[in-house]
Amino acid sequence: MAETIAGDEAVAGQGQISRWAQIRATLGAWGFMSPAAVLVTVFFFIPVIILFVISLTDLSSSNFSDPLTFIGLDNYAKLFRDRFFPKILGNTIRYVVLTLGFFNVGLALVLALLTTHINRRAGFFFRLVWLLPRITPSVVYVLMWRRIAHQPPFGILNQLLAPFGVAPRYWLVKQPWLFVILVNGFVGASFGMIIFTSAIEAIPRDYIIAAKVDGASTWQIIRDITLPMIKWPLLFVTTYQTLSLLTSFQYILLLTEGGPGLYTTEVWALTAYKRALKTYFGHNQWGYGAAWGFILVIIGIALSVIYLRVFRFNELVQEPKIDVL
Amino acid sequence: MRVKLENLTKRWGNVVGADHINLEVGDGEFVAFLGPSGCGKTTTLLMIAGIYKPTEGIIKFDGQIVNHLAPKDRNIGMVFQSYALYPHMTVFQNISYPLKLKKVPKEEMQKHAQRVADMMGIGHLMDRKPAQLSGGQQQRVALGRALVKEPDLLLFDEPLSNLDARLRLTMRSEIKRLQMELGITSIYVTHDQVEAMTMANRIAVMKDGRLQAYATPDELYDRPRTLFIAGFVGNPPMNFLEVEVVRENGDYHARREGFDVVVPADRGVKAAGQGTIIMGIRPEDITLGDEGIVGEVYVVEPLGRDDLVDVRIGKADIHVLADPEKGLKVGDMVRLNFDTHKIQFFDPQTEQSLLWTD
Ligand SMILES: Nc1ncnc2c1ncn2[C@@H]1O[C@H](COP(=O)(O)OP(=O)(O)O)[C@@H](O)[C@H]1O
Ligand SMILES: [Mg+2]
């Protein structure tokens with residue numbers, strides 16, 4: 001009898017201890033998450049909420065001293081009815097998909113693979129060269145490209161192609177999209193290149209040796225071992241660069257200002273910027289611009305979720321099932 | 001398949017990985033490369049696999065020079081200390097990967113992979129990823145992947161070093177049994193001399209990139225040709241004492257302060273008159289008795305079946321294996337008898353054996 005009582009007490013005591021441990025574990029988890037949570041709240045959630053609120057008003061440079069007038073979803077209705085809305089949407093998709101595919105991920109991957117498969121020092125030098133555009137001020141960098149694609153009788157490209165019998169032309173106006181993508185891509189590729197390079201170099205050598213002994217060629221090793229092993233950096237760069245391309249417009253602004261002509265290379269972020277902050281007649285439609293901006297945020301969030309699904313992020317954190325042999 | 005290395009050398013600038021290695025592995029033989037970490041075992045193995053290009057020298061398979069052959073054309077299976085299982089592939093995909101690269105038809109591939117997996121006792125784990133397996137299971141998958149393409153040569157690079165002691169014992173005998181059954185020529189790299197001694201037909205002892213000896217386990221144990229081999233092979237390691245061997249009244253005496261034993265004439269004659277030399281004797285060749293050299297017990301380490309006793313004779317320490325029943329304590333005085341037929345002598349300058357160098 002005495003034994004049973006002592007036993008019960010022990011069990012009760014254990015229950016208390018484990019409850020305590022649970023509370024402490026929960027507190028610990030929140031403690032570790034709090035810095036990130038604070039950052040995300042202050043720099044993402046709060047601005048997005050403010051943006052949304054502004055997008056529901058008709059706030060502009062002509063009425064900013066008056067009390068806010070809420071106009072419901074009028075700004076959104078106006079946006080979708082805009083004559084150039086389909087054009088801008090198409091431009092944005094084209095800009096993001098082509099720059100991302102050919103340069104920010106595609107070329108980045110090719111560069112990373114090339115520079116990790118040649119002599120180490122040569123690879124390092126090559127990567128350094130590719131970083132140069134990124135450390136050049138945007139204005140200088142874009143000016144350089146404008147010189148390259150300038151109208152006859154100027155234009156470095158015209159000079160270079162003349163010996164091959166190519167007729168001189170104003171390249172930037174004739175092929176605006178080519179240059180919009182090149183200008184962004186040459187800078188954008190270096191980010192992925194750095195990430196992919198370190199990921200490739202971090203693959204333990206034993207895997208590569210094992211694959212060679214198993215009979216794989218260089219190309220088969222890249223396809224079967226290297227690429228699957230840098231899946232996570234690939235997801236990261238693709239997601240990060242999609243979002244950053246969606247919201248970036250400074251090179252387009254400096255290069256073509258969305259032209260030549262009407263909206264030829266104008267992308268979503270550039271429209272939002274122009275509507276909200278830069279108009280020729282000094283009429284800044286903050287409320288309307290905010291509507292453009294808010295939709296962009298929604299698109300970004302939706303894309304991130306889709307990416308996580310497509311790359312099956314869940315599999316990366318699968319539970320182990322070990323039973324000892 | 002026979003393997004022959006001729007003057008095989010690998011250098012990276014001033015760093016020497018392997019230095020003029022000469023050896024031959026017979027068909028179906030199990031050879032161990034034994035040596036301390038950094039002595040060039042992996043380097044030599046990777047040259048045989050075709051991963052490293054030799055700086056100098058020749059590798060022959062069955063008499064054919066294979067230096068120029070890519071790894072995939074050498075029909076080799078390899079097992080790593082890290083297992084090197086592709087983490088994104090299932091067990092089945094890992095094992096069948098070499099077959100997939102050979103474009104073996106799907107059905108045949110499946111059957112073959114399953115047979116190898118069953119042989120390794122992991123047939124029920126085909127759908128798992130490597131991260132969901134224990135170390136022993138992973139090592140079996142790695143072994144299966146090496147065996148699936150029916151290689152002419154198996155290379156092992158310290159395959160058991162990451163396993164716990166009990167599992168290592170099981171896997172050791174399993175690998176040995178498998179190798180004997182399949183009769184595949186094997187080279188097994190290890191720094192563990194027990195592994196080498198128990199598994200290999202012949203052992204190549206390496207140090208600083210050089211081949212120190214290439215002999216059967218028994219020969220290495222009984223007739224070590226260098227001081228390094230004598231000290232490296234055997235556990236607990238051989239005792240070394242500086243002695244002088246002199247001839248007196250027809251007997252050869254090995255002597256130092258507080259120490260004097262008569263050694264057999266065939267060994268003594270090779271060591272006499274050389275000044276101070278190094279004598280070697282294994283702990284298991286010394287017994288405690290009522291007569292013999294007097295020493296004082298300095299340390300007692302229980303090993304379970306035996307006690308490893310550190311006995312002081314003058315300024316020298318000698319390790320002896322003693323029966324725990326004796327209950328030896330620090331400070332006890334004991335008498336040591338040496339099995340003088342097992343005594344080794346080495347030249348202190350060249351570190352070569354005075355007995356076994358021709
Ligand atoms: N890729 C390499 N580049 C330069 N030195 C190397 C390389 N691989 C091995 N070494 C050197 O060669 C020597 C032998 O190494 P290794 O064959 O790995 O030894 P072990 O496998 O016997 O431990 C070491 O000194 C090591 O530092
Ligand atoms: Mg090694």
Side-chain angles (χ1 to χ4, degrees), chain A residues 109 113 116-124 196 198-236 238 308-325, chain B residues 42 45-46 49-52 70-89 93-103 120-122 125 127-140 142 145-146 148-149 151 153 155 157 163-164 167 170-171:
Chain A
L109 192 57
L113 286 169
T116 47
H117 281 75
I118 57 175
N119 173 299
R120 262 188 90 84
R121 210 171 297 172
F124 184 77
F196 296 150
S198 45
I200 291 170
E201 283 182 343
I203 296 175
R205 266 177 51 77
D206 277 0
Y207 292 126
I208 309 299
I209 295 176
K212 280 185 186 170
V213 170
D214 282 347
S217 63
T218 303
W219 164 240
Q220 284 166 327
I221 291 174
I222 290 173
R223 188 193 62 193
D224 298 339
I225 314 296
T226 312
L227 289 183
M229 283 200 177
I230 62 167
K231 189 167 129 177
W232 181 235
L234 268 170
L235 161 67
F236 168 68
T238 306
L308 288 177
R309 285 281 154 82
V310 169
F311 280 85
R312 284 182 294 198
F313 175 69
N314 288 343
E315 280 189 8
L316 290 173
V317 290
Q318 207 170 50
E319 292 277 326
K321 288 188 250 176
I322 295 178
D323 36 20
V324 180
L325 194 74
Chain B
T42 299
L45 205 68
L46 290 181
I51 304 295
Y52 287 164
K72 68 184 169 72
D73 300 320
R74 298 191 182 198
N75 200 24
I76 283 172
M78 190 158 172
V79 182
F80 300 80
Q81 176 177 356
S82 64
Y83 317 129
L85 297 177
Y86 313 123
H88 53 283
M89 298 186 194
Q93 287 166 331
N94 265 284
I95 292 181
S96 59
Y97 188 57
L99 301 179
K100 189 179 149 204
L101 292 171
K102 277 187 177 173
K103 303 214 161 50
M120 298 307 308
I122 45 165
L125 302 171
D127 296 328
R128 300 264 185 105
K129 291 274 179 70
Q132 302 165 330
L133 301 176
S134 70
Q137 290 169 333
Q138 291 187 42
Q139 196 54 280
R140 278 160 207 258
R145 183 179 62 183
V148 79
K149 59 179 175 179
L153 177 63
L155 303 177
D157 195 354
L163 300 177
D164 64 68
L167 202 54
T170 326
M171 288 301 286

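Here is how names work: the chains are called A, B, and so on, in the same order as the sequence lines, proteins then strands, and each is numbered from 1.
- Expressed to the nearest 0.5 Å, how far NZ of A:K212 lies from CD1 of B:I51 amounts to 5.0 Å.
- Within a 6.0 Å sphere centred on NZ of B:K72, heavy atoms belonging to other residues, nucleotides or ligands number 12 at most.
- Here the CD1 atom belonging to A:I209 is positioned 11.5 Å from the CG atom belonging to B:L155, to the nearest 0.5 angstrom.
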**Message:** Set out, in order, the CA-CA distance, both residues' side-chain angles and the distance that settles side-chain contact (heavy atoms from CB on, under 4.5 Å) for B:Y86 and A:D214, then state yes or no.
**Reply:** CA-CA 12 Å; B:Y86 313 123; A:D214 282 347; 2.7 Å; yes
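- Top candidate by heavy-atom pairs under 4.5 Å with chain A, chosen from B:P71, B:A49, B:A142, is B:P71.
- Heavy atoms of other residues, nucleotides or ligands lying less than 6.0 angstrom from CG of B:D127 number 12 at most.
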**Request:** Could you walk me through whether A:D206 and B:M78 pass side-chain contact (heavy atoms from CB on, under 4.5 Å), step by step?
**Result:** CA-CA 10 Å; A:D206 277 0; B:M78 190 158 172; over 6 Å; no
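- Atom CZ of A:R205 is separated from atom CZ of B:F80 by 9.5 Å, given to the nearest 0.5 angstrom.
- The shortest heavy-atom contact between A:Y207 and B:L85 is CE2-O, 3.0 Å.
- Looking only at heavy-atom pairs under 4.5 Å with chain A, the residue among B:Q81, B:K102, B:R145, B:R74 that has the most is B:R145.
- B:H88 has its side chain out of reach of A:D224: every pair of non-hydrogen atoms, C-beta onward, lies at least 4.5 Å apart.
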